[in-house]
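Data block below; observations after.
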There are 2 protein chains.
Amino acid sequence: MDPKPAGKTDRPGKRINAKRLAEDLDVSISTISRAFNKDAVIAPETRSRILDYADQLGYRPNPYAQSLITQKSRIVGIIVSHLENPFYPEALRGLSEALREAGWHLMLFTVPSGKTPDDILPLAISYQPEFVIVMAVTVSSRAQEVAERAGTKLIYFNRRDPDSSTFYVICDNAHGGGMIADHFLDTGCRRLAYIAGFQNASTTLDRWRGFRDRCIERGISDVWREEGYSFSYEAGYSAAMRLMDRRPRPDAVFCASDIIALGCIEALRTEFGLRVPEDVSVAGLDNIEMAAWPSHSLTTYSQPLDRMIEATVKLIEEISIGAESEKVAWQIRGDIIVRKSTRPMPGGKDAVTLPDKPS
Amino acid sequence: MDPKPAGKTDRPGKRINAKRLAEDLDVSISTISRAFNKDAVIAPETRSRILDYADQLGYRPNPYAQSLITQKSRIVGIIVSHLENPFYPEALRGLSEALREAGWHLMLFTVPSGKTPDDILPLAISYQPEFVIVMAVTVSSRAQEVAERAGTKLIYFNRRDPDSSTFYVICDNAHGGGMIADHFLDTGCRRLAYIAGFQNASTTLDRWRGFRDRCIERGISDVWREEGYSFSYEAGYSAAMRLMDRRPRPDAVFCASDIIALGCIEALRTEFGLRVPEDVSVAGLDNIEMAAWPSHSLTTYSQPLDRMIEATVKLIEEISIGAESEKVAWQIRGDIIVRKSTRPMPGGKDAVTLPDKPS
DNA sequence: TCGTTTGCAGCAATCGTTTGCATTATTTTC
DNA sequence: GAAAATAATGCAAACGATTGCTGCAAACGA
């Protein structure tokens, strides 16, 4: 019954490989390989005999040899530039799990301050991942070219490239801006302002565009814009300080991201003694977990993270099996989440209200 | 001057490899290899000729072939179970940068809820990383054995294993607990409480031990303990609710982590109308970035993240070059950071006070 | 001048798989 | 019962590097 000549199991030294299994089980190396390959031609009992024995020995095919011969790595690189913005850990976590389930390995590259994703890209490609997901605001269009030369596909997450035709997955930022504008106007605010994030980011631009266009549509042509220069708490804090020095003061502020909004709210309270939302309504965009905390209870537009992740993985899978996907870009719509950082609806009835207490 | 026969540069199809360079430059493959190997014997001009041409072609040695032959991957896996606790993105970012600088690649594995790091470990080692860093509270001691069999070294980060002799890097949690206890007592608090994190985590235990022992040393033998069951905002929120139902109410609460502390403070304010620190002092441990925000201004004990990361990388480098490091464990001391969530010192002078406004 | 050292480069084996094709064993078909 | 079709396995050539050993000049010493 013993599948191998006695005593062979604890052969010393050399790490176990297919050859070792082959000898012990008296089959060829090819057969070992086929046992692990889902759709290879092999007798069922042979396969299970091999799999069992492999299990017993703790054998797994060497991924480097596999990558070498197949020219596929099943590795996805991911470049993240701003992990301090809670949106990104949330996205990272989701992507990590979804990719793992789809059988991909994730290689992480963070962008140190002072460097750009472009600087990191060559490193990221050096391990020849099949894809690189870029979760960062600034990327030159040369990036595309660099990646291509290495045979790596680039996918932008939460960012689109106006010029190039790279794959990207984003939420409908302009729609978000519009929804927030509607909400502000519906609740009686009239002096509207926007705090921008990083200046050239597509997210900054699209959210502004959606917000401003809707305001104009509804007869408010004068919308303030204050630069934040980055997507961070500090940016929101200091932008709010500059913004509130203007006269008349705005009565509603749409921040380009939740984390900016939190900084903004804090500045309003601490530095100006203003109440939110009685004196000023504040809304963000992202719907990070913290936005739901009672202390913040931030009205926001939610990025449909789950669906964005799903789309990303789908994109990867499709390109990977060679089905040159027609759908190069995904733009997914989110929802407005009304909480307590904005004035209540005049009629009394809130449109959508989500619980903001921890469950 | 042209280093290769004309027309060869844009030879079609086949991706460029060492053989291609060798032919073009009329040297052997070995020589190509040596040009890239820092301390190989090769004539300087030959090397630069090769390096220049490689650069021109965009050639880089294939990492899979390298790993295959050298049996080294320069890959470090990292298992993270709770990215929603801001401490971990901060740690992850630091580790990522430090490892990159040291020439390592980082493979990320998150632990989905409902699973344990143990479940993920086999996957993590399937790519044969040389090391796996575990940033998670729960790991069985069998993990050690599993990793060993795959030839992978395990390193615990922010966690120690009471039983096994695995490598680990942590901060001096007991010291932290003691410092907080001192601070509470020095500022006149007498009814002290502790909100625990995940029950069996070494961090939960050590912080408790340090806190309680110091209290006892200073004559307070009755210290309350409330279970939080996890390191999260929600845990702090609900634990605080249970805690405040006791009579008499505590006048100082030490939370096993910053994020717990934030939840706790919120519950005190929202649910009980208590003022922090006038009615209750609250302190955490970690010193996450958010702790410095004005709205929180949390007194805490800082994890010396930079030094912990440095130690981790040093450990990896040493083990990697075979210098079986004597120092298997690093326990590094942090500092107490006094902010406004705890009562001020009676004398008026604060010991250490850090600015809590965004810079 | 000749033997010895030294500096560089090449040869060829090796790492552990995958996979097209050839080969053998088994079954089906007429 | 022979030929043909089918199923399962084996052979051997890749994949792209690293590295111990060998070989060959040039430099050196006596």
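Throughout, a chain's letter reflects where its sequence line sits, starting with A, and its residues are numbered from 1. All values below come from the heavy atoms of this structure, side chains included, with hydrogens, waters and symmetry mates left out.
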Show me, pair by pair, the donor-acceptor contacts under 3.5 angstrom made by side chains of residues 102-112 of chain A, not counting sequence neighbours?
{"unit_1": "A/W104", "atom_1": "NE1", "unit_2": "A/E317", "atom_2": "OE1", "d": "3.2"}
{"unit_1": "A/T110", "atom_1": "OG1", "unit_2": "B/S96", "atom_2": "OG", "d": "2.6"}

Could you give the side-chain donor-acceptor pairs of residues 129-137 of chain B under 3.5 Å, partners two or more places apart or in another chain?
{"unit_1": "B/E130", "atom_1": "OE2", "unit_2": "B/S73", "atom_2": "N", "d": "2.9"}
{"unit_1": "B/E130", "atom_1": "OE2", "unit_2": "B/R74", "atom_2": "N", "d": "2.7"}

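Between the CD1 atom of B/I50 and the P atom of C/dG10 there is a distance of 8 Å, given to the nearest Å. Residue A/N62 contributes atom CG, which lies 13 Å from atom C1' of D/dC15 at whole-angstrom precision. Protein atom CD1 of B/I29 is 14 Å distant from nucleotide atom P of C/dA13, rounded to whole Å. Taking atom CD of B/E23 as the reference point, atom C1' of D/dG16 lies 13 Å away to the nearest angstrom. The CZ atom of A/R20 sits 17 Å away from the C1' atom of C/dT17 (whole-angstrom rounding). Atom-to-atom, CG of A/L68 to C1' of D/dT18 comes out at 13 Å; the value is rounded to the nearest Å. Taking atom CD of residue A/Q66 and atom P of nucleotide D/dA17, one finds them 19 Å apart after rounding to whole Å. Distance NZ (A/K19) to C1' (C/dT18): 17 Å, rounded to an integer number of Å.
Pairs passing the ring-ring contact (aromatic ring centres under 6.0 Å, His included) check and including a residue from residues 132-155 of chain A, sequence neighbours excluded, do not occur. Applying the side chain to side chain donor-acceptor pair (under 3.5 Å) rule to pairs touching residues 60-69 of chain A yields A/S67-B/Y127, sequence neighbours excluded.
Residues forming a side chain to side chain donor-acceptor pair (under 3.5 Å) with B/R93 (at least two apart in sequence, or on another chain): A/E84. By the side-chain contact (heavy atoms from CB on, under 4.5 Å) test, B/N37 is found to be paired with B/D39, B/A40, residues two or more places apart in sequence or in another chain being considered. The side chain to side chain donor-acceptor pair (under 3.5 Å) test applied to A/S28 returns A/T31, not counting sequence neighbours. Qualifying side chain to side chain donor-acceptor pair (under 3.5 Å) partners for A/Y88, counting only residues two or more places apart in sequence or in other chains: A/N158. Scored by the side-chain contact (heavy atoms from CB on, under 4.5 Å) test, A/R149 finds no partners at all (sequence neighbours excluded).
The side chain of A/A65 lies closest to C/dG16 when the candidates are C/dG16, D/dA8, C/dC8.
Defining each end axis of the helix from C/dT1-D/dA30 to C/dC30-D/dG1 as the rotation carrying four pairs' C1' atoms onto the next four, with five pairs an end, the two axes are found to diverge by 40° to 10 degrees.
Taking a 4.0 Å limit (strictly below) on heavy-atom distances, residues 32-42 of chain A reaches DNA chain C at A/S33, A/R34, A/N37. Within residues 69-76 of chain B, the residues having any heavy atom closer than 4.0 Å to DNA chain D are, in order of number, B/I69, B/T70.
The side chain of A/Y64 places no N or O atom within less than 4.0 Å of a non-bridging phosphate oxygen (OP1 or OP2) of C/dT14. Phosphate proximity of D/dG10 to A/T31: present, with a side-chain N or O under 4.0 Å from OP1 or OP2.
Backbone-only engagement by A/R60 is indicated by non-hydrogen atom pairs under 4.0 Å involving sugar-phosphate atoms exclusively. Using a 4.0 Å heavy-atom cutoff across all strands shown, A/S67 reaches no nucleic acid atom at all. Residue B/S30 is classed as a base contact, given a heavy-atom separation below 4.0 Å to a base.
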Does B/R142 form a salt bridge (charged side-chain N to carboxylate O under 4.0 Å, His left out) with B/E145? I'd like the steps, not just the answer.
CA-CA 5 Å; B/R142 250 188 54 76; B/E145 180 196 325; 3.4 Å; yes
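At distances below 3.5 Å, at least one donor-acceptor pair connects side-chain atoms of A/R47 with backbone N or O atoms of A/R34. At least one donor-acceptor pair under 3.5 Å links the side chain of B/D119 to the backbone N or O of B/T116.
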